[in-house]
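For the numbers below, each heavy atom of this structure counts, side chains included, while hydrogens, waters and symmetry mates do not. Predicted, not measured: the structure shown is a model, and the values here were computed from it.
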Amino acid sequence: MSSSSSSRAVGASATSVPDEYDSTDREAQFFLFTRPLEDAVLGHAEHLELHHWALVVIFEDESVRTLEAFESGGKLTPTFSKESPKNLNGYKYWRLGLLKTSPLKLHKVVKNHSLNGSDYQINTNNCQHWVKAAVRDISSNLSKALDEFRTNDGCNILNLGGMCSWASSRSSSNHVVSFIKNLTEGHWSSKPSTTEVHHLD
């Protein structure tokens, strides 16, 4: 999963991780968002193992942070957005759990991620592995929930027709705002009496 330290960028200087200043801890719901890869040979991939993964965090004040990584110049490059994925066409989502954290803590996880700048490998070091490692750094309980989802290590993509590349579309839509609200409705009222707190090492 990881590559040698010589293939990694130092820190996150070559990434698209904007500054974050919100350090207020509050309850947040964590979701795994997946989107099928688009490929000229495979077409619209239906296998979950051939999906792009993103970790979407929705705070109780309805603010959102999205943590994900992409291939750029042969390297795994993180992104940290203060918005949810804009184009929801084809996205599927699974609720992983509830945790008390802050956007700043999540930002530090992204900036200090061990896979940042490592060599991108379609089968063994991709966006899925990046999300799993990020979740492990955030919470063991969330990590256990995410363990139910298999990465593409378990399937041979080359046998399915070739290398894939995810086509990202970032068009804005009012539908996204209502979708996020609907996604979290009911979960706040059914939350446990005590919520796990995200502690940085």
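Proximity of L76 to N116: side-chain heavy atoms (C-beta onward) are nowhere separated by under 4.5 Å. Side-chain contact check for E71 versus N126: every heavy-atom pair is 4.5 Å or farther apart. The shortest side-chain heavy-atom distance between L55 and T66 does not fall under the 4.5 Å cut-off. The closest side-chain heavy-atom distance from L99 to Q29 is not below 4.5 Å. Within the 4.5 Å cutoff, the side chain of F59 has no heavy atoms near those of the V64 side chain. At least one side-chain heavy atom of L67 sits less than 4.5 Å from a side-chain heavy atom of F80.
In this structure, W130 CH2 and T79 OG1 are separated by 7.0 Å, a value rounded to the nearest 0.5 Å. Here the OG-CD1 distance, from S140 to I138, works out to 12.0 Å after rounding to the nearest 0.5 Å. Taking OG1 of T101 as the start and CZ of F30 as the end, the distance is 5.5 Å to the nearest 0.5 Å. Going from atom OG of S114 over to atom CZ of R136 covers 7.5 Å, rounded to the nearest 0.5 Å. Within the model, atoms CG of D25 and CG of L104 stand 9.5 Å from one another, a figure rounded to the nearest 0.5 Å. Distance CD/E148 to CH2/W94: 11.5 Å, rounded to 0.5 Å.
In terms of the side chain to side chain donor-acceptor pair (under 3.5 Å) criterion, residue partners of S63 (sequence neighbours excluded) are, by chain and number, R26, D61. Residues satisfying the side chain to side chain donor-acceptor pair (under 3.5 Å) criterion with E20, sequence neighbours excluded, are R65. The side-chain contact (heavy atoms from CB on, under 4.5 Å) test applied to D147 returns K132, S143, not counting sequence neighbours.
Note: H52 and F70 meet the aromatic proximity criterion, with ring centroids under 6.0 Å apart.
Side chain of H113 to main chain of A133: no donor-acceptor pair is present (N/O by atom type, distance under 3.5 Å, no hydrogens or angles). Here the side chain of H107 pairs a donor or acceptor atom with the backbone of P18 at under 3.5 angstrom. When atom types are taken as modelled, the side chain of D22 and the backbone of T24 share a donor-acceptor pair closer than 3.5 angstrom. Between the side chain of S72 and the backbone N or O of K75 there is no donor-acceptor pair closer than 3.5 Å. Judged purely by atom type and a 3.5 angstrom limit, Q128 uses its side chain to pair as donor or acceptor with the backbone of H51.
Residues A28 and V57 share a closest heavy-atom pair of CB-CG1, 3.6 Å. Summarising the geometry of L96 relative to A145, their closest heavy-atom pair is O-CB, 3.6 Å, with the distance given to 0.1 Å. Minimum interatomic distance between A69 and C127 (heavy atoms only, all atoms of both residues): O-CB, 3.3 Å. Among all heavy-atom pairs drawn from V109 and A134, the shortest one is CG1-O, 3.9 Å. When all heavy atoms of V131 and W53 are compared, the pair lying nearest together is CG2-O, 3.7 Å.
Environment of NZ in K82: crowded, with over 12 heavy atoms of neighbouring residues, nucleotides or ligands closer than 6.0 Å.
Between F31 and Y93, the ring planes lie perpendicular to each other; the angle is over 60°, past the 30° to 60° tilted range.
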